[in-house]
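Computed over heavy atoms, backbone and side chain alike; hydrogens, waters and symmetry mates excluded.
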Amino acid sequence: ADDKDIAFAMSSTFLFDMVMIALYPLMGKALGMSDIAYGIWAGTSVNDTASVVASGYAFSEAAGDFATMVKLTRTLSIIPVVLIFAIINTRLKQKELGGADKLSSKSKINFTSLFPWFILGFLALAVINSFGIIPTAVSAGAKNLSKFLMVSALAAIGLNTSFKEMSKSGPMPMLHGFIISALVVIVAIAVEFCMGIV
């Protein structure tokens with residue numbers, strides 16, 4: 001995929017996430033969801049972390065906290081998945097080159113670039129805050145600052161999105177993205193109903 005295809009895919013994902021930010025709180029309240037149930041739903045079915053935070057806190061403070069924790073837990077699962085696929089890709093390249101002894105430097109796995117390092121910061125601050133080391137006033141101020149930065153990130157994404165450029169790719173990619181997003185939303189809420197969370 002070229003840069004335009006990647007940009008279009010990202011813009012489509014963020015566009016659907018923007019719609020979810022507006023619709024999720026309304027659907028959650030219509031379904032009579034608790035803060036925990038809504039937080040799990042938003043954290044498991046909304047793609048972008050910033051959008052998860054926005055849709056979570058739009059419902060309630062507790063739902064926003066829970067949605068953020070669920071989303072970051074999801075992010076942790078990316079680590080083994082990425083590593084597994086990186087290893088598979090490397091093995092395939094080894095076969096193409098005729099064995100491990102002919103493995104090129106480009107085929108080697110760079111584990112440090114695959115690891116989502118911000119997760120370590122999240123875990124460290126969660127531990128520090130759990131022990132009450134951070135003063136309440138500082139914690140509250142940092143939380144408000146994080147919300148502002150999330151909104152700024154969403155605004156920056158919007159400013160980099162061009163509907164004119166996206167329209168050049170036709171309706172099919174957008175339809176494809178919509179179907180996948182809708183399926184994720186439906187499956188997530190269906191699982192919660194089956195588990196008796198909702």
Side-chain angles (χ1 to χ4, degrees), residues 10-82 115-158 161 177-198:
M10 291 178 64
S11 297
S12 299
T13 300
F14 285 124
L15 182 62
F16 288 124
D17 284 345
M18 296 302 102
V19 174
M20 289 178 181
I21 290 172
L23 293 182
Y24 258 53
L26 297 176
M27 291 188 290
K29 292 186 184 300
L31 292 169
M33 300 177 80
S34 65
D35 291 335
I36 293 177
Y38 180 85
I40 293 173
W41 184 41
T44 54
S45 57
V46 180
N47 295 307
D48 175 55
T49 303
S51 301
V52 169
V53 173
S55 60
Y57 284 111
F59 188 82
S60 72
E61 190 80 11
D65 291 342
F66 208 86
T68 303
M69 286 187 287
V70 171
K71 172 57 180 174
L72 291 176
T73 302
R74 276 177 60 198
T75 304
L76 282 173
S77 67
I78 293 174
I79 299 170
V81 172
V82 169
F115 189 84
W117 293 103
F118 70 91
I119 288 293
L120 294 181
F122 166 75
L123 293 174
L125 288 174
V127 170
I128 292 171
N129 193 50
S130 297
F131 284 104
I133 298 173
I134 301 175
T136 305
V138 175
S139 180
K143 195 169 188 178
N144 290 331
L145 177 62
S146 70
K147 291 178 184 177
F148 170 77
L149 293 175
M150 284 292 186
V151 172
S152 299
L154 291 172
I157 292 165
T161 301
F178 170 76
I179 291 171
I180 291 176
S181 295
L183 285 174
V184 170
V185 172
I186 293 168
V187 169
I189 193 70
V191 170
E192 286 199 41
F193 271 109
C194 291
M195 294 176 66
I197 298 174
V198 178

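- Considering I128, V127, V138 in turn, I128 is the only one that fulfils the side-chain contact (heavy atoms from CB on, under 4.5 Å) rule with I133.
- None of I179, I180, V185 except one satisfies the side-chain contact (heavy atoms from CB on, under 4.5 Å) rule with L183; the exception is I179.
- A pairwise comparison of heavy atoms in P25 and I21 identifies CD-O, 3.1 Å as the closest pair.
- Remark: the backbone N or O of K143 is paired with a side-chain donor or acceptor of S146 at under 3.5 angstrom.
- Using a 4.5 Å cut-off on side-chain heavy atoms (C-beta onward), E192 and V187 make no contact.
- The two residues D48 and K71 have their closest heavy-atom pair at C-CE, 4.2 Å.
- Evaluation of the side chain to side chain donor-acceptor pair (under 3.5 Å) test over residues 28-44, restricted to residues two or more places apart or in two chains, returns D35-S60.
- Smallest separation of non-hydrogen atoms from G43 and V52: CA-CG1, 4.0 Å.
- Separation of atoms CE (M195) and CD1 (I40) is listed at 7.0 Å; rounding is to 0.5 Å.
- When side chains are defined from C-beta on, M27 does not count as touching M33, because their heavy atoms never get closer than 4.5 Å.
- Side chains of L23 and V19 form a contact here, defined as non-hydrogen atoms less than 4.5 Å apart.
- Within the 4.5 Å cutoff, the side chain of E61 has no heavy atoms near those of the F66 side chain.
- Not one N or O on the side chain of S139 forms a donor-acceptor pair closer than 3.5 Å with the backbone of P135.
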Candidate pair T49 and R74, rule side-chain contact (heavy atoms from CB on, under 4.5 Å), full reasoning: CA-CA 10 Å; T49 303; R74 276 177 60 198; over 6 Å; no

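- Other residues, nucleotides and ligands place no more than 12 heavy atoms under 6.0 Å from the CD1 atom of I36.
- Residues N47 and F16 fail the side-chain proximity criterion, which asks for heavy atoms closer than 4.5 Å.
- Looking at heavy atoms from C-beta onward, S45 lies out of side-chain contact with I189 at the 4.5 angstrom threshold.
- Residues G56 and A63 share a closest heavy-atom pair of O-CB, 3.7 Å.
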